[in-house]
Amino acid sequence: MVSSSTTSLLVLGAGALVGSALTLALISWRTSKTSNRQLAIPSLVKNPTYEPFVDTSKNANGVIETTYDTLSSLPKLSNNLPVEDFLRDEIVNEQFTRNVQFFGDAGQLKVHRAFVVVVGLGGVGSHAAAMLLRSGVGKLRLIDFDQVSLSSLNRHAVATRADVGMSKAVCLQNHFQRIFPECQVEARVQMYDASAQDELLSGSPDYVLDCIDNIDTKVALLAACVKKGLKVLSATGAGARLDPTRIRIADLKESSNDPLSRSVRHRLRREHDIHGGIPVVFSLEKPKMKLLPFKSPNEDDARPEDYQVVPGFRVRIIPVMGTIPAIFGQIMATYVVTQLAGMPVQTEPVVNLDVEHYGLLHQRLIEREELQFGSADAVEVDKEEVAYVVRELWRGRSARDQDSTNVGRGMWRSINNLTLTRWDQTRPPSIDNLVLLTFDEAEAHEATTLEDLAFDEWEYYSMVESVLARAVRDLS
């Protein structure tokens with residue numbers, strides 16, 4: 001007798017086989033139906049080979065450009081399908097059906113129409129670019145002057161040993177043609193610098209991703225994006241970290257735990273008068289390792305700067321756990337795609353508080369209720385809910401000081417002067433009716449009415465109402 005579990009497995013196997021047959025039938029039908037549009041079907045291509053660079057020359061601007069042979073055994077790929085037809089094309093529609101289920105047709109079409117520039121194509125940038133492509137971004141400009149090395153294979157998104165020695169930009173372009181051939185992928189084998197910024201940032205990109213690990217170049221790119229009004233997302237140091245749970249997205253001014261962020265923030269403020277407004281992906285984890293000592297080819301100690309191919313670029317090696325830059329890149333792609341689709345994520349704020357702080361604020365709320373109303377019976381929130389209110393809603397800061405840059409010990413000290421109180425004094429102190437204020441601000445708030453506040457300080461009033469409305473949505 002066949003067991004029920006065996007029967008279930010047989011049914012599942014048969015279903016998978018039928019699904020595969022239908023997919024192949026769809027591909028075959030679509031390919032034969034549209035004779036002027038050849039599709040790359042990797043599973044039907046035997047042993048695709050990669051030809052390394054075959055020609056090097058200078059363009060009219062004197063910039064060295066390298067011409068590569070693409071996947072020689074693949075069919076000729078076409079990028080001529082208009083973006084507006086992506087959702088009507090059977091292959092493209094099916095490829096991105098899971099995205100459409102998230103964003104809807106309108107949201108996914110915004111992603112297809114988007115143009116994103118990725119600068120720096122190492123461990124972080126290659127993964128960011130790969131997931132932008134797999135999410136359906138219709139146009140990508142990939143910029144990096146470097147080549148794939150054996151030691152970079154532990155963190156690169158797509159490179160294989162066959163790609164070693166090839167430009168990182170062209171390596172990605174070649175692989176991307178087999179994943180989403182309709183995407184317009186522009187590979188620029190070029191180092192970003194200020195003299196080329198107008199060219200490399202041309203075309204009004206919807207987003208620029210800074211995945212550079214050199215401070216000079218990173219500062220130049222971020223400053224250019226701010227001055228041009230381009231949306232930019234920056235990645236800071238992913239090397240020497242091991243803990244994926246401590247990676248965050250926040251404004252550059254909040255990323256004080258990261259040494260690279262600190263240096264970039266200082267340079268931007270000093271050289272370009274830029275004090276914030278740039279989202280960054282960074283880790284709260286302190287680096288576990290330091291730069292390794294530099295050895296010359298004969299194993300003697302040497303000055304690293306004597307071996308720099310490009311001035312200002314790091315020669316000493318920092319240990320990298322390949323999974324961490326990959327996660328950085330995935331986070332960057334997620335942030336950008338959700339922004340493009342009109343479904344942005346609410347990032348977790350950088351709040352360096354612990355259980356004792358939330359317990360203290362919970363106790364202060366109870367004492368305040370007893371002082372004002374003679375009893376704390378109306379308090380139904382517990383310490384965990386206080387943590388949500390303080391961390392998620394008010395970011396560990398007074399509602400009247402949401403632009404504060406206090407993090408770390410500065411935030412710990414500020415807690416000494418903060419308390420929770422009712423926003424609407426006629427309603428109980430529930431999650432959606434608590435505001436975090438300094439003691440003086442709380443006393444002033446309790447002495448006024450919401451009607452007066454709305455009349456005198458409409459901007460502040462509407463901000464708080466908006467934040468508390470989000471609590472209602474989160475709870476529902």
Query raised in the report: Taking only residues at least two apart or on different chains, which pairs with a member in residues 362-390 satisfy ring-ring contact (aromatic ring centres under 6.0 Å, His included)?
Result: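 Not a single pair qualifies under ring-ring contact (aromatic ring centres under 6.0 Å, His included).
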
Atom [atom1] of [X]: over 12 foreign heavy atoms under 6.0 Å:
| X | atom1 | result |
| --- | --- | --- |
| Met321 | CE | no |
| Glu84 | CD | yes |
| Arg134 | CZ | no |
| Arg270 | CZ | yes |

Query raised in the report: Hey, which of Val264, Leu222, Leu268, Val219 is the one that makes side chain to side chain contact (heavy atoms under 4.5 Å, CB included) with Ile274?
Result: Leu268

Within the 4.5 Å heavy-atom criterion, are [X] and [Y] side-chain neighbours or not?
| X | Y | answer |
| --- | --- | --- |
| Val117 | Leu200 | no |
| Val118 | Ile143 | no |
| Pro325 | Val320 | yes |

Query raised in the report: Between Phe115 and Lys139, is there a cation-pi geometry (under 6.0 Å to ring centre, at most 45° from the normal)?
Result: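 The answer is yes, since Lys139 meets both limits relative to Phe115.
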
Query raised in the report: Is NZ or CZ of Arg400 both nearer than 6.0 Å to the six-membered ring centre of Tyr460 and within 45° of the ring axis?
Result: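 Yes, cation above the ring, under 6.0 Å and within 45°.
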
Query raised in the report: Judged by atom type as modelled, is there a donor-acceptor pair below 3.5 Å linking the side chain of Asp163 to the main-chain atoms of Cys171?
Result: no

Query raised in the report: Backbone N or O of Glu94 within a donor-acceptor pair of the Thr97 side chain at under 3.5 Å?
Result: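 No, the answer is negative, given that no donor and acceptor are paired below the 3.5 Å cut-off.
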
Query raised in the report: Are Asp193 and Ser195 close enough, and set up right, to give a side-chain hydrogen bond (donor to acceptor under 3.5 Å, both in side chains), and what steps lead you there?
Result: CA-CA 6 Å; Asp193 61 36; Ser195 65; 2.5 Å; yes

Requested in this report: Have a look at Arg422 and tell me which of His445, Glu369, Gln372 forms a side-chain hydrogen bond (donor to acceptor under 3.5 Å, both in side chains) with it.
Outcome: Glu369

Report task. Take Ser398 and Glu441, measure what side-chain hydrogen bond (donor to acceptor under 3.5 Å, both in side chains) needs, and give me the verdict at the end. Result -> CA-CA 9 Å; Ser398 164; Glu441 291 167 347; 2.7 Å; yes

Under 3.5 Å side-chain donor-acceptor pair for [X] and [Y]:
| X | Y | value |
| --- | --- | --- |
| Trp423 | Glu465 | yes |
| Ser375 | Asp377 | yes |
| Glu446 | Thr421 | yes |

Report task. Return the minimal non-hydrogen interatomic distance between Gly136 and His112, and the atom names on each side. Result -> O-ND1, 2.7 Å

**Report entry** Worked check of side-chain hydrogen bond (donor to acceptor under 3.5 Å, both in side chains) between Asp452 and Thr449
**Finding:** CA-CA 5 Å; Asp452 289 342; Thr449 65; 3.2 Å; yes

Query raised in the report: Say you draw a straight line from OG of Ser167 to CG of Leu121; how long is it, rounded to the nearest 0.5 Å?
Result: 7.5 Å

Query raised in the report: Residues in side chain to side chain donor-acceptor pair (under 3.5 Å) with Ser204, at least two apart?
Result: none

Query raised in the report: Under the side chain to side chain donor-acceptor pair (under 3.5 Å) test, which residues partner Lys228, sequence neighbours left out?
Result: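 Per chain and number, Lys228 pairs via side chain to side chain donor-acceptor pair (under 3.5 Å) with Asp198.
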
Report task. Take Lys383 and Glu385, measure what salt bridge (charged side-chain N to carboxylate O under 4.0 Å, His left out) needs, and give me the verdict at the end. Result -> CA-CA 5 Å; Lys383 294 177 183 178; Glu385 290 167 325; over 6 Å; no

**Report entry** Ring centers of Phe103, Phe96 separated by less than 6.0 Å
**Finding:**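 Judged by ring-centre distance (under 6.0 Å), Phe103 and Phe96 do not meet the cut-off.
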
Query raised in the report: How would you list, by chain and number, every residue that makes a salt bridge (charged side-chain N to carboxylate O under 4.0 Å, His left out) with Asp144, sequence neighbours excluded?
Result: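 Checked Asp144 against salt bridge (charged side-chain N to carboxylate O under 4.0 Å, His left out); zero matches.
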
Query raised in the report: By salt bridge (charged side-chain N to carboxylate O under 4.0 Å, His left out), which residues pair with Asp146, not counting sequence neighbours?
Result: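 So Asp146 forms a salt bridge (charged side-chain N to carboxylate O under 4.0 Å, His left out) with Lys168.
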
Donor-acceptor pairs under 3.5 Å, side chain of residues 331-338 to any protein atom, not counting sequence neighbours: which ones?
from: Thr334; atom 1: OG1; to: Gln330; atom 2: O; distance (Å): 2.8
from: Thr338; atom 1: OG1; to: Thr334; atom 2: O; distance (Å): 2.8
from: Thr338; atom 1: OG1; to: Tyr335; atom 2: O; distance (Å): 3.0

